S.K.: 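Here it is, the structure, as structure tokens.
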Protein chains: 2
Amino acid sequence: MRRSAPGEVAAAPTMQDLATSLGVSVSTVSLALRGHSVISEATRARVVTKAEQLGYVYNRAAANLRTQRRHLVGLVVPDVANPVVADIALGLQSSVASEGLFVVSTSTLESVDAQHAVLRALTEDRAAGIVLIPALETKRQDLAIPASAAVPLVILNRSIEGATAPYVGAADEKIVDLALAHLFDHHHPQTVAYFGGIASASPYLARRTRFEQIISGREVTHLEPWSRPTAPTAEAGYRAFRELLTQGPPPDAVVCHSDSIAIGVLKALNEVDASPSECAVVGIDGLATSAMTTPGLTTIAIGTDELGRGAGAILLDAIAGEPARADDLSPVTPTLVVRQSCGCIGDPLVVPAEAGGHSQ
Amino acid sequence: MRRSAPGEVAAAPTMQDLATSLGVSVSTVSLALRGHSVISEATRARVVTKAEQLGYVYNRAAANLRTQRRHLVGLVVPDVANPVVADIALGLQSSVASEGLFVVSTSTLESVDAQHAVLRALTEDRAAGIVLIPALETKRQDLAIPASAAVPLVILNRSIEGATAPYVGAADEKIVDLALAHLFDHHHPQTVAYFGGIASASPYLARRTRFEQIISGREVTHLEPWSRPTAPTAEAGYRAFRELLTQGPPPDAVVCHSDSIAIGVLKALNEVDASPSECAVVGIDGLATSAMTTPGLTTIAIGTDELGRGAGAILLDAIAGEPARADDLSPVTPTLVVRQSCGCIGDPLVVPAEAGGHSQ
DNA sequence: AGCGCCAATTCAATCGTTTGAAAAGCGAGG
DNA sequence: CCTCGCTTTTCAAACGATTGAATTGGCGCT
């Protein structure tokens, strides 16, 4: 082990250091540390103890260079703070952990440039794989970087036109079906709207199209002005809905593009004292926090962790060199979570005991 | 560039491939790609074009091995989904980006084992630095791993007894001072409590101690049963507060350990139709979503992004080999955000136009 | 004593960069 | 024509691991 100059930080010991200090070869150390069976138990023990003693820590960069294998998968998303994304991250983590991979997340904040930078960095690092929720305005050619270094990529939540990478998304049609079916069965609205969401993101189009399809076959009128896209935050939803409320009474029922947006809508309705019976609202996502609104938010849970797990499964296949199988791509079945915001159940709500959450 | 066998994936081209295909040496390629001034403009251009043409991507693992320098800092936290953490991540990112570093986050879910695993992984990867919000029950010796490979570490939010790594935290005393000062000035409560939070985490002790200090000098009675610690989620807060409400009327004012918890408390109060004038609540954190509750949550903003930035600054110093300077460690000044939950302002609230948020 | 065999260990090449030092090319000055 | 001084390019040795092939040593068998 090299002696360090006075002011200098002691360099971390290497296998070589271990080897010489034990009077064996580096190969022996390497094999021993990884518990390879050709090494005798006695030497293995000696090596391991010495390693501990010297505070040796494995240098993965060196190993990876040699083996051309990596153990890290990147999750690149607009915003890690988004609870939906957080759930996805957990699902992904649990699915790739079995292969000894681990997941790191970074936020792009919807900036294509930032996204470009992190995709590049991840690729230069030769990540085992990348799961991407594309920033808005991401084009096909923005995904060229990982491709050129053969880093497997799976796209989540927002599809990119012309992209060849496998795509995993929620079951947008079924989601809307579920939401509307519930509203029609229990609330019999005369007027409806599809509120919020980013018009240029692919799920918006899918859901809104389905929405219009369904209601066109029913005896309801679509209050188009209330079907207004918004930024994907509760604040944006609040502001936009609040403004609409100044211009007239709300629809009898509104489907919100996400739970976050629904939270803003609820706030706006609360401020004008509009009850669920006047305006029923249902969200989409199934966030844990949507149980904490007043009234409790009725929502369509989209199975976020399953999405993450699904992405993980496809990624693992891709890493193993297998092409994505079609059945991997089948989206998760959404489920309806009934609370008070649709007007079906009275307060007080009893929150089911297994609910999760997040906080400081 | 090596030709690949039929079924095989084409290996990514290396500098060597570029070099031979251009009839120059690897050194030239290496220097050219990094824009070193000693290379003539003409060759630089040729190299760059060729690189593009061949889809060359830099192999950072190899470079890092050679240079012993890395460009990635790990943010290890209990839960990335926690909005506070997300803000910290942003602050950290913005502060280290200037040095060309970038931040990756991982969640430990309060598991010391999981934390151990990721600290080990980050250390084995020789991350440039690590910022850690320790999982509960983290002991001093759990931090030994990064130390042995000389990876700079800074601890955030929860201090660890006996740890030598620099610590950055919120100004717990000032936070409590601010909350109580506001309540006393505007609400004149007879009874108060400090609700929620994890009793074994260091900020809890600091805040609760200060709380008791202050009120002991005032004409108020502390309703101890209501000062109950909880898990750090809105759900946990809701459940615990709900239960307390069945046993009697709430205190006139309660300070909640976090905004998330306050959100649960508000939900519970809403369910029994208790208004802010009966029970004033103030949260701590200053989350964007706390503007979306009904009533809007009055809260103490702790300057989360500053915390992240602060951690980043210290980390950069440590990476540069400088010890943490004392003034780096001075915590951010908290600020009061007044909304309705403390009973000071009537509805409807106008949300200030610059508020941020997060969602799908 | 000689031989073969097996288990345990070591050799040495390799992964793809970086970088200090050496070399090559070339025009100018003596 | 030689030498000097530039600029530009190349040499070759790292960095710290992995791994197929070669080596060593000990043991049992004849």
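Lettering follows sequence order; numbering is per chain, from 1. Atoms considered below: every heavy atom in the structure, side chains included; atoms not considered: hydrogens, waters and symmetry mates. Predicted, not measured: the structure shown is a model, and the values here were computed from it.
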S.K.: Just how far, in rounded Å, is C1' of C/dT14 from CG of A/Asn64?
M.R.: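 Distance check: A/Asn64 CG to C/dT14 C1' gives 15 Å.
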S.K.: Indicate whether the side chain of B/Ser27 and that of B/Ser30 have a donor and an acceptor atom separated by less than 3.5 Å.
M.R.: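 No - no donor-acceptor pair under 3.5 Å links their side chains.
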S.K.: Between B/Asp17 (CG) and C/dC15 (P), how many Å, whole number?
M.R.: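 About 11 Å, once rounded to whole Å.
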S.K.: Do the side chain of A/Thr14 and the base of D/dC15 come within less than 3.5 angstrom through a donor-acceptor pair of N or O atoms?
M.R.: no
S.K.: Indicate whether OP1 or OP2 belonging to C/dG16 is found under 4.0 Å from a side-chain N or O atom of A/Gln68.
M.R.: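 Yes, such a contact exists.
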S.K.: Output yes when at least one side-chain N/O atom of A/Arg66 is less than 4.0 Å from OP1 or OP2 of D/dT19, else no.
M.R.: no
S.K.: Judged by each residue's nearest nucleotide on DNA chain D, which is more toward the 5′ side, A/Ser30 or B/Ser40?
M.R.: B/Ser40
S.K.: For C/dT18, does OP1 or OP2 lie under 4.0 Å from any side-chain N or O of B/Tyr58?
M.R.: yes
S.K.: Between atom CD in B/Gln16 and atom C1' in D/dA12, what is the gap in whole Å?
M.R.: 13 Å
S.K.: Supply the atom-to-atom distance B/Leu75 CG to A/Ser105 OG, rounded to the nearest 0.5 angstrom.
M.R.: 10.0 Å
S.K.: Separation of B/Met15 atom CE from D/dA14 atom P, in whole Å?
M.R.: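 Those two atoms, CE and P, are 20 Å apart.
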S.K.: Where the side chain of A/Ser27 is concerned, which of D/dT9, C/dA13, C/dT10 is the nearest nucleotide?
M.R.: C/dT10
S.K.: Is A/Arg34 close enough to D/dT19 that one of its side-chain N or O atoms is under 4.0 Å from OP1 or OP2 there?
M.R.: yes
S.K.: Under 6.0 Å from the CD atom of B/Glu52, do we count more than 12 heavy atoms belonging to anything else shown?
M.R.: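 Open: at most 12 neighbouring heavy atoms sit under 6.0 Å from CD of B/Glu52.
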S.K.: Please determine if B/Glu99 and B/Arg69 form a salt bridge, counting it only when a charged side-chain N lies under 4.0 Å from a carboxylate O.
M.R.: no
S.K.: Provide, to the nearest angstrom, the distance between the NE2 atom belonging to B/His36 and the P atom belonging to C/dG20.
M.R.: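 So the NE2-P distance, B/His36 to C/dG20, works out to 8 Å.
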S.K.: B/Ile39 has an atom CD1; how far is it from atom C1' of C/dT19, in whole Å?
M.R.: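 It works out to 12 Å between those atoms.
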S.K.: Classify the nucleic acid contact of A/Thr67 as base, sugar-phosphate or nothing, counting any heavy atom under 4.0 Å across all strands shown.
M.R.: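 It contacts sugar-phosphate atoms only.
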S.K.: Report yes or no: is there a donor-acceptor pair, N or O only, under 3.5 Å between the side chain of A/Ser25 and the base of C/dC11?
M.R.: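 No pair found.
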S.K.: Taking 4.0 Å as the cut-off, does a side-chain nitrogen or oxygen of A/Thr28 come that near to OP1 or OP2 on C/dA8?
M.R.: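 Looking at the OP1 and OP2 atoms of C/dA8, neither is under 4.0 Å from any side-chain N or O of A/Thr28.
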S.K.: Which sits closer to the 5' end of DNA chain D, B/Glu41 or A/Arg60, going by the nucleotide each is nearest to?
M.R.: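 Going by which nucleotide is closer to the 5' end, it is B/Glu41.
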S.K.: Grab the CG-P distance between B/Leu31 and D/dC11 for me, whole Å please.
M.R.: 13 Å
S.K.: How long is the line joining CG of B/Leu65 and P of C/dT19, in whole Å?
M.R.: 12 Å
S.K.: With side-chain hydrogen bond (donor to acceptor under 3.5 Å, both in side chains) as the test, pick out the partner of A/Gln115 among A/Thr138, A/Asp142, A/Thr108.
M.R.: A/Thr138
